Amino acid sequence: MEGFAPPSVDGDGLVTLELFGQKYHIRTDKPELVFRLAYRVQSFLKDAVGHDPSGGEDRGADALVQASFRLAMKLHNAERESGALKAHIDALEKRMKRLMDLVDGNL
């Protein structure tokens, strides 16, 4: 996609990538994570441009805003699901504790 370049990493863990026509340098000990995130951003932008009613001719702020909102919605859904999972885990831990208390009381 125009304005994007495949990320690269040097021996010191400095990742160089191009997003939206700008070059960025990120020092990290997990370059594969930076690569995955960069490709994910690209994917969301491509999807936003693909759903643009103008045919993607104007790839400016509108596409960036659409991609940002899609990423934000994904984050919101993940946080909501994470909260639900934590609540289920807490409930299961309480049930396990009650069960263990019953078992201990009968021994």
Side-chain angles (χ1 to χ4, degrees):
M1 174 173 219
E2 190 177 312
F4 292 87
S8 63
V9 62
D10 68 12
D12 295 326
L14 184 67
V15 175
T16 302
L17 55 102
E18 184 179 338
L19 293 171
F20 312 115
Q22 296 288 323
K23 281 199 179 204
Y24 297 93
H25 304 284
I26 302 168
R27 186 163 308 282
T28 181
D29 58 348
K30 297 182 180 179
E32 66 282 349
L33 176 60
V34 174
F35 290 0
R36 283 196 312 268
L37 293 175
Y39 285 120
R40 197 143 201 212
V41 169
Q42 276 184 292
S43 172
F44 274 90
L45 184 62
K46 286 178 186 177
D47 189 46
V49 168
H51 287 91
D52 186 354
S54 70
E57 294 168 9
D58 181 14
R59 296 182 180 185
D62 287 345
L64 295 177
V65 169
Q66 288 178 23
S68 297
F69 268 87
R70 288 173 191 211
L71 284 168
M73 182 56 86
K74 277 259 197 215
L75 176 61
H76 170 75
N77 289 337
E79 288 172 340
R80 190 183 69 230
E81 290 173 9
S82 175
L85 285 173
K86 286 178 184 178
H88 287 296
I89 289 170
D90 289 345
L92 287 172
E93 286 175 345
K94 287 178 186 175
R95 289 176 69 188
M96 288 172 52
K97 183 177 180 338
R98 285 194 306 265
L99 182 60
M100 293 299 290
D101 288 345
L102 283 172
V103 170
D104 287 343
N106 288 327
L107 291 180

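Residue indices begin at 1 and follow the sequence shown. Just so it is clear, the structure is predicted and the values come from calculations on it, not from any experiment.
- To the nearest 0.5 Å, the span separating OG on S43 from CZ on R40 amounts to 8.0 Å.
- The hydrophobic clustering, which links ILVMFWY residues whose side-chain heavy atoms are closer than 4.5 Å, places V41 and I26 together.
- Residues forming a side-chain contact (heavy atoms from CB on, under 4.5 Å) with Y24 (at least two apart in sequence, or on another chain): L17, L19, Q22.
- Atom OG in S68 sits 12.0 Å away from atom CG in L75 (nearest 0.5 Å).
- Contact of the R80 side chain with the N77 side chain is registered, since non-hydrogen atoms from C-beta on lie closer than 4.5 Å.
- Surrounding CZ of R27 are more than 12 heavy atoms belonging to other residues, nucleotides or ligands, all under 6.0 Å away.
- Taking CZ of R98 as the reference point, atom NZ of K94 lies at 8.5 Å (rounded to 0.5 Å).
- Partners of R95 according to the side-chain hydrogen bond (donor to acceptor under 3.5 Å, both in side chains) rule, which considers only residues two or more places apart in sequence or in another chain, do not exist here.
- A distance of 10.5 Å separates CG in L102 from NZ in K97, rounded to the nearest 0.5 Å.
- L14 and V34 are not part of a single hydrophobic cluster, where members link through side-chain heavy atoms under 4.5 Å apart.
- Atom-to-atom distance recorded for E81:CD and H76:NE2 is 10.0 Å, nearest 0.5 angstrom.
- With rounding to the nearest 0.5 angstrom, the CD atom of E18 is 9.5 Å from the CD atom of Q42.
- Atom OH of Y39 sits in a crowded spot, with more than 12 heavy atoms from other residues, nucleotides or ligands closer than 6.0 Å.
- Looking at residues two or more places apart in sequence or on another chain, you find no side-chain hydrogen bond (donor to acceptor under 3.5 Å, both in side chains) involving D90.
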